[in-house]
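Predicted model, so just to flag it, every value in this text is computed and none were measured. Computed from heavy atoms alone, side chains included, the values below leave out hydrogens, waters and symmetry copies. All chains are named by letter (A, B, ...) in the order of the sequence lines, taking the proteins before the strands, and each is independently numbered beginning at 1.
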Amino acid sequence: MLCFSAILDRFASKSLTIAGAAAMLKTHTCGELRLQHAGLRVELAGWVYRRRDQGGIIFLDVRDRWGITQVVIDESASPEAHDAAGQFRNEYVIHIKGTVRARPEGTANSELATGEVEVVADEVELLNASKTPPFYINQETKIDETVRMKYRYLDLRRPRMQDNLVLRHKVIKFIRDFLDVRGFIEVETPILFKTTPEGARDFLVPSRMNPGTFYALPQSPQQLKQLLMVAGYERYFQVARCFRDEDLRGDRQLEFTQLDIEMSFVRREDVMALIEEMMIAVTEQVAGMTPMHKPFPRITYQDALEKYGSDKPDMRYDLAAVDVTDIAGKSAFPVFVSNAGEGKPIKVLRAPGMAGSLSGTQLRKTAEELETLARSAGAKGLAWMALGEKEEDEVKGPIGKFFTVEQKVALFERTGAKPGDILLFISDQREVVYNVIDTLRRHLANQLGYTDPNKIAFAWVIDFPMFYWNEEEQRWDPSQHMFTATLPEDLPLLDTDPGKARGSQYDLACNGYEVAGGSIRIHDRAIQEKMFPLIGQTMERAREQFGHMLEAFEYGVPPHGGIASGLDRLVMILAGEPNIREVIAFPKTQQGADIMAGAPSEAEPKQLDELSIKVVPPKSEAKS
RNA sequence: GGAGGCGUGGUGUAGCGGUUAACAUAUUGCCCUGUCAAGGCAAAGAUCGCGGGUUCGAGACCCGUCGCCUCCGCCA
């Protein structure tokens, strides 16, 4: 099933072990014995996964990272081994010697890769005992997250977690090989670097040798990889650890791993083509799944918002919102009429078959639940219409009476409504409408069973605006970062109407997550300098922060661009896991804590002295 | 910074004003030679996260606090 050739080579050549060193305790892994090995004398070592003591005969399922093998100890054949094995308990570390044989007729276990054979042990050795684990290693049950994290080393023994970390390794290995073959080299960039004013909050590291100054941990190697392009490396990548001191989420950790890529002499299409090929290959060859859409659909940012309310839409299902402002704005429903008059859009999200055979009461309850959800997303209400199961049934819902028959027919045609559907009307300011569509769409997909973790759907989102207007600061904020190039045809807009200018940015969405994002960069110093006043920075400040970049830009910068992909998220999706913690060996809790080790913790006064740092009590404590 | 949920033997849950705090599983002991979530019998194991309050009486209700989870803000 799996390729263990390297390990097998080591096992096969025991005679090559260094003189004086202990011989390896296993000739085979617990995952590899098959019928063809019958008759072979073997040694296994691992953990007792389960034991079934039948009195005269003991079965041990022995587990190592490669699998589980059943070991049989027969009292009449090997009384000493039987006595010793009788003392074994779950998670004891043992070493056995015995002979492989086919299982007796009718006792094969098809659930197990090694289920056709068993090892008849004549020697068993206890290498180490174990306390009873605080939770099941050998069963998939819910375990309190605190307990899992406190005993993470035991949590990681569970087959599910081992599978996840093995998958993670394979994904990264595959990508490294994929890029290597295409002329990329991996370059490590510093973890101790310079703080940047924009973006996420930095983690700061005090400098002992330069009291009062700080390094920042990188939020991404963005500047450094561009400088590598200036340096002429042309094709760079890095499996890079990145740090952002922001609140954690199910798909966000304080530190995370990013596949960072930068290429010279490329256009947007070149980067996208490479990543698309890579993502398809990883999905198919490593995860054994097939992307639902090949080639990946490309959606403009604006379309993504209009149809899905999100710039990272889940494309495993359709459920696209439809604009009905022209129809509903002419209905007799006062809210729609006035909203349409104020330029607020009216959109319909169709919930296929959700009315179904619901009674009037059930239908109202369903609609109320959806309305509550819509309100939580910012809506003031949620109008709805339900189509009866039969064509001739009345249209149900409080707003039906405000629409003429012709208007209803137009609505049904526009939205593709079928008997049994519920139409959800969303109308408000544009940003609110998007948010509500996104929230309802994800909810409906879950309700309707459209979110199969075994399906995977990628989509490119392109043509992002260069800037968002920051109302508080009264300035433009870059929608990606200040090195993103404008689409060539929109370059003049920088001077006339920056809000309309589109960037050369591309994001890759997958199952409702953003799994990659990048852009073609500015390589012209004059254009780069134009960006700073737009985003409310003085040139003096820009030189302070980015002087090294601006200076580098005077020494022959090739056109370049790149992309960065959140590997934790990607592996999470490929593993079908709902949370990023499941694919990270030692993650943090939502409060940023490592429960096992007790990090973060207070520093010794001596350490603080050396760093010229004085800790003042937090404000909340100071008050009391 | 905010909203919501959860916290009961090792683990997962039930109990929602008065019970001997229940069940499953794990654990320990005994029995058992073809099991594989083994089985049978027995035993042990919880001051119900912590602090305060209401009440004749609190695991339950109220307030606070701590921890974990989900989400909003935040994450160029």
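Note: CG (A/N435) to P (B/rG73) measures 7 Å, nearest angstrom. Atom CD1 of A/I57 is separated from atom P of B/rC32 by 14 Å (rounded to the nearest Å). When the C1' atom of B/rC75 is taken as reference, atom CG of A/D507 falls 13 Å away, rounded to whole Å. Between the CD atom of A/Q70 and the P atom of B/rU33 there is a distance of 17 Å, rounded to whole Å.
Side-chain atoms of A/R244 stay outside donor-acceptor range of the base of B/rC75, with no qualifying N/O pair under 3.5 Å. A donor-acceptor contact under 3.5 Å is formed by the side chain of A/Y136 with the base of B/rG10. Within 3.5 Å, no donor on the side chain of A/R89 pairs with an acceptor on the base of B/rG29, nor the reverse. The base of B/rC36 lies outside donor-acceptor range of the side chain of A/R51, with no N or O pair under 3.5 Å. For a distance-only test at 3.5 Å, the side chain of A/R52 fails to qualify as a donor-acceptor partner of the base of B/rC32.
At the heavy-atom level, A/E111 lies nowhere under 4.0 Å from the strands shown. Within 4.0 Å of A/S76, counting heavy atoms only, lies at least one base atom of the nucleic acid. At a threshold of 4.0 angstrom between heavy atoms, the contacts of A/E118 include nucleobase atoms, whether or not backbone atoms are also involved. Across all strands, A/E145 comes closer than 4.0 Å only to sugar-phosphate atoms, never to a base (heavy-atom distances). Here A/T589 lies in heavy-atom contact (under 4.0 Å) with sugar-phosphate atoms only. Nucleic acid contact class of A/R569 (heavy atoms, under 4.0 Å, all strands): none. A/N138 comes within 4.0 angstrom of nothing in the nucleic acid, heavy atoms only. Looking at heavy-atom distances under 4.0 Å, A/R581 makes contact with sugar-phosphate atoms alone, never a base. Within the 4.0 angstrom heavy-atom criterion, base atoms lie near A/R249. A/I595 comes within contact range of the sugar-phosphate backbone alone, with a heavy-atom separation under 4.0 Å but no base atom that close. Contacts of A/S220 with the nucleic acid, taken as non-hydrogen atoms under 4.0 Å apart, include base atoms.
Distance from the side chain of A/P104 is smallest for B/rG34 among the nucleotides B/rC74, B/rU11, B/rG34. Comparing atom distances between the A/Q54 side chain and each of B/rU33, B/rU35, B/rC75 picks out B/rU35 as nearest.
In this pair, A/F135 does not lay its aromatic ring on the base of B/rU11; centres under 5.5 Å and planes under 30 degrees do not both hold.
When side chains are defined from C-beta on, A/T69 does not count as touching A/D61, because their heavy atoms never get closer than 4.5 Å. At a threshold of 4.5 Å between non-hydrogen side-chain atoms, the residues A/R569 and A/F256 do not count as touching.
Between A/N90 and the phosphate of B/rU27, there is a side-chain N or O to OP1/OP2 separation shorter than 4.0 Å. Here A/N109 does not reach the OP1 or OP2 of B/rG34: none of its side-chain N or O atoms lies under 4.0 Å away. Checking the phosphate oxygens (OP1, OP2) of B/rU13, a side-chain nitrogen or oxygen of A/K142 falls inside 4.0 Å. Checking the phosphate oxygens (OP1, OP2) of B/rU11, no side-chain nitrogen or oxygen of A/Q139 falls inside 4.0 Å. For the OP1/OP2 pair of B/rG12 and a distance below 4.0 Å, the side-chain nitrogens and oxygens of A/R148 include no atom meeting the criterion. Note on A/R50: every side-chain N or O is 4.0 Å or more away from OP1 and OP2 of B/rA37.
Using a cut-off of 4.0 Å between Lys/Arg side-chain N and Asp/Glu carboxylate O, A/D463 and A/R268 are scored as salt-bridged. Salt bridge absent: A/R249 and A/D247 never bring a charged side-chain N and a carboxylate O closer than 4.0 Å. A salt bridge links A/R541 and A/E544; the closest N-O separation between the charged side-chain nitrogens and carboxylate oxygens is under 4.0 Å. Salt-bridge check for A/D507 with A/K312: failed, with every basic side-chain N at 4.0 Å or more from each acidic carboxylate O. Ionic pairing of A/R158 and A/E140 is present here: one or more N-O contacts between side-chain nitrogen and carboxylate oxygen are shorter than 4.0 angstrom.
The base-pairing partner of B/rU70, taking Watson-Crick or G-U wobble contacts with both distances under 3.5 Å, is B/rA3. Pairing for B/rC61 goes to B/rG53, judged as Watson-Crick or G-U wobble with the two contacts each under 3.5 Å. Look at B/rU13: its Watson-Crick or wobble partner, with both distances under 3.5 angstrom, is B/rA22. Nucleotide B/rA43: paired with B/rU27 (Watson-Crick or G-U wobble, both distances less than 3.5 Å). Nucleotide B/rU35 has no partner under the Watson-Crick or G-U criteria, as no pair reaches both atom distances under 3.5 Å.
Nucleotides B/rA21 and B/rA58 are separated by 14 Å at their P atoms, to the nearest Å. Distance noted for atom P between B/rG51 and B/rA37: 43 Å (whole Å). Spacing of P atoms, B/rC62 relative to B/rC72, comes out at 28 Å, to the nearest Å. Using C1' as the reference atom, B/rA46 and B/rG7 are 14 Å apart when rounded to the nearest Å. Look at the P atom in both B/rC48 and B/rU28: the space between them is 27 Å, to the nearest Å. Between B/rG2 and B/rG45, the distance separating the two C1' atoms is 42 Å to the nearest Å. As rounded to the nearest Å, B/rC6 and B/rG12 have P atoms that lie 16 Å from one another. B/rU70 and B/rU55 have their C1' atoms separated by 35 Å, given to the nearest Å.
Side-chain contact of A/Y308 with A/D314: a donor-acceptor pair under 3.5 Å is absent, judged by distance alone.
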Query raised in the report: Under the salt bridge (charged side-chain N to carboxylate O under 4.0 Å, His left out) criterion, do A/E91 and A/R63 qualify, and how do the steps go?
Result: CA-CA 9 Å; A/E91 299 309 312; A/R63 178 198 74 236; 3.0 Å; yes
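Residue-to-nucleotide proximity on RNA chain B shows that, of A/T141 and A/A77, the 5′-proximal contact is made by A/T141. Sequence order on RNA chain B of the closest nucleotides to A/D144 and A/M149 puts A/D144 first from the 5' end.
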